[in-house]
Protein chains: 2
Amino acid sequence: MTQTLTSETSDTVRKTLEYVRHHRLAKGDRLPSERNLSDRFGVTRSSVREALAVLDSMRITERKAKSGIFLRTTPDDGGLDALVLQADLGVPFDAQLTRDAIEARIICEEQAFRLACQRRTDADLAKLSGLLDTYAVLAANGRNMADEDVEFHLAVAAASQNRILVRTITPLMLMSTRGRRRYFASAELRQRSLDDHRAFFAAIEARDEALVTKLVHHHVHTAAADIQALNEAAAEAQDAGTPDPQT
Amino acid sequence: MTQTLTSETSDTVRKTLEYVRHHRLAKGDRLPSERNLSDRFGVTRSSVREALAVLDSMRITERKAKSGIFLRTTPDDGGLDALVLQADLGVPFDAQLTRDAIEARIICEEQAFRLACQRRTDADLAKLSGLLDTYAVLAANGRNMADEDVEFHLAVAAASQNRILVRTITPLMLMSTRGRRRYFASAELRQRSLDDHRAFFAAIEARDEALVTKLVHHHVHTAAADIQALNEAAAEAQDAGTPDPQT
DNA sequence: CTACCAATCTGGCCCTACCAGATCAAGATT
DNA sequence: AATCTTGATCTGGTAGGGCCAGATTGGTAG
């Protein structure tokens, strides 16, 4: 669920983003030519072009035929998938962006879960129940259930019967994959998460919109705080290690 | 603002999506090999690989090394950018998806605009005021201001000081580009839109959250209805023409 | 029927080449 | 001196070939 692109391409994407950062390029600035980038990064032009195709599709760069490659926006101001990509690649989030992510998640999930209360079908309920079961088993066995966590949240969103809302929430969930993985290493947090999810299920089954709204706030905020604490502990421990982006 | 990818790549992306649709491929199914696709589409493998890199980054396909290309999800259930892409390429939205888009836009914009009321700075206000001025000039001169419309909405979202919300809303705006273009061909609708935007500005300046919430509902719903009417008129007129996806 | 193995297929990458428009600086014109 | 050509150069777009090593698969031997 995490690894999206082939190593070489994602590597080149990362290097390109690093280049932009390092050289403090601003909106509208021109990047080196494809040929230049290719031998700068030690890869072929084909690989550079694949990476640029991805960056283009994320609206970060814009290739003007026979002219050059231009920065459409700052990487920090691209699409949501760009953030997911950056998170995958280990680019750390600053504090403000982390707060923004939490706020955005609460906004979207609150409304999606509220709609789920109104519109959930029995099939949705069954699906959630099934996920909850595997969830419990994994929690008991000490397995990391980061992916299942995402799946559960998306399944709730799907119960809103709004496919676009699901797609909106997906990247908001994915951009915190690293923190989530670390989170589920703790038995205590696994249990807490399981309890939270059971509460979600009960509220949606009972169609209790007010309750589900409260739960979203509580769940996201406490989970974010827990991850924050884990990140700080990890940073303290290995100080010079790879930074973790996170929510 | 519309054309995101280079013609060949987007063409190949479109053809690939068409292939998936036509062959009714489901999640997990395998696509033809890159070499097969390349001569099927009459382009080089390089182009196919660029297109696949994009589809991969949108989580639509997944390339397993030395094994094959697999459908990660149905194109209709990919990322938001996939929808923007499909809209760009002229793939029509079904009625439900259109409703979903409207609902999602209202949810996200309502909250973003509400936060904008709380947090907007004088600089934000100045920016919006400037956009409104050019907006008025364009409206008077009969110019199509679809791009400026998007820019205004995103500027309001930016006033929420939440960069992630801006990114969330961006694709929701972009996926209705075609309808928006048609919308602004009408002088009456241009004027109505200008009035709406002035109302938005006033409400945000006055920090009137309740009002701005109402305005979002009204603006999105009426604009969607107007576009719907235009689409139906267009469909009736040229019946067998290229379908337009839309909100 | 099973276990094993080799031919084949596939994605990952690399390399070269050509095209035509964009760019830009040197040189010609006014 | 300012402006207008113009031609060399650079750039992205696309084609097409090639090699590698792991995955797949079908046939063969047991």
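Below, each value reflects all heavy atoms present in this structure, side chains not excepted, and no hydrogens, waters or symmetry copies. Chain letters run A, B, ... following the sequence lines, proteins first and then strands; every chain starts at 1.
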| said: Nearest heavy atom decides the nucleotide; on that basis, is B/R30 or A/G42 closer to the 5' end of DNA chain C? | reply: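 Its nearest nucleotide being more 5', the pick is B/R30.
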| query | Which comes earlier along DNA chain C counting from the 5' end, the contact point of A/A65 or that of A/V43, where each point is its nearest nucleotide? | reply |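 So the residue in question is A/V43.
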| query | Is any side-chain N or O of B/R45 under 3.5 Å from a base N or O of D/dG16, one able to act as donor and the other as acceptor? | reply |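 Not at all, since no donor on one side and acceptor on the other fall under 3.5 Å apart.
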| task | Look at all strands and tell whether B/S67 reaches a base, only sugar-phosphate, or nothing, counting heavy atoms closer than 4.0 Å. | result |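 It contacts sugar-phosphate atoms only.
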| message | Can you work out whether B/R35 or A/K64 has the more 5'-proximal nearest nucleotide on DNA chain D? | response |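 The residue whose closest nucleotide sits nearer the 5' end is A/K64.
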| query | Going by an N to O cut-off under 4.0 Å, is there a salt bridge joining B/R24 and B/D29? | reply |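 Salt bridge between B/R24 and B/D29, a charged N being under 4.0 Å from a carboxylate O: no.
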| Do B/R180 and B/E151 meet the salt-bridge criterion of a basic N to acidic O distance under 4.0 Å? |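 Salt bridge between B/E151 and B/R180, a charged N being under 4.0 Å from a carboxylate O: no.
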| Does B/R63 make a side-chain N or O approach to OP1 or OP2 of C/dT10 shorter than 4.0 Å? |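 No, no such contact exists.
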| message | Tell me whether the side-chain N/O atoms of B/S47 come closer than 4.0 Å to OP1 or OP2 in D/dA15. | response |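 So the side-chain polar atoms of B/S47 do come within 4.0 Å of the phosphate oxygens OP1 or OP2 of D/dA15, strictly under.
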| said: By nearest atom, which of the nucleotides C/dC13, C/dC15, D/dG12 is closest to the B/R49 side chain? | reply: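 Looking only at side-chain atoms, B/R49 lies closest to C/dC13.
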| query | Can you tell which of D/dG12, D/dT14, C/dG12 lies closest to the side chain of A/S33? | reply |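 Out of D/dG12, D/dT14, C/dG12, the nucleotide with an atom closest to A/S33's side chain is D/dG12.
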| request: Look at the rings of A/Y135 and A/F184 and say which category their plane angle falls in: under 30° parallel, 30 to 60° tilted, over 60° perpendicular. | output: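 Ring orientation of A/Y135 relative to A/F184: perpendicular.
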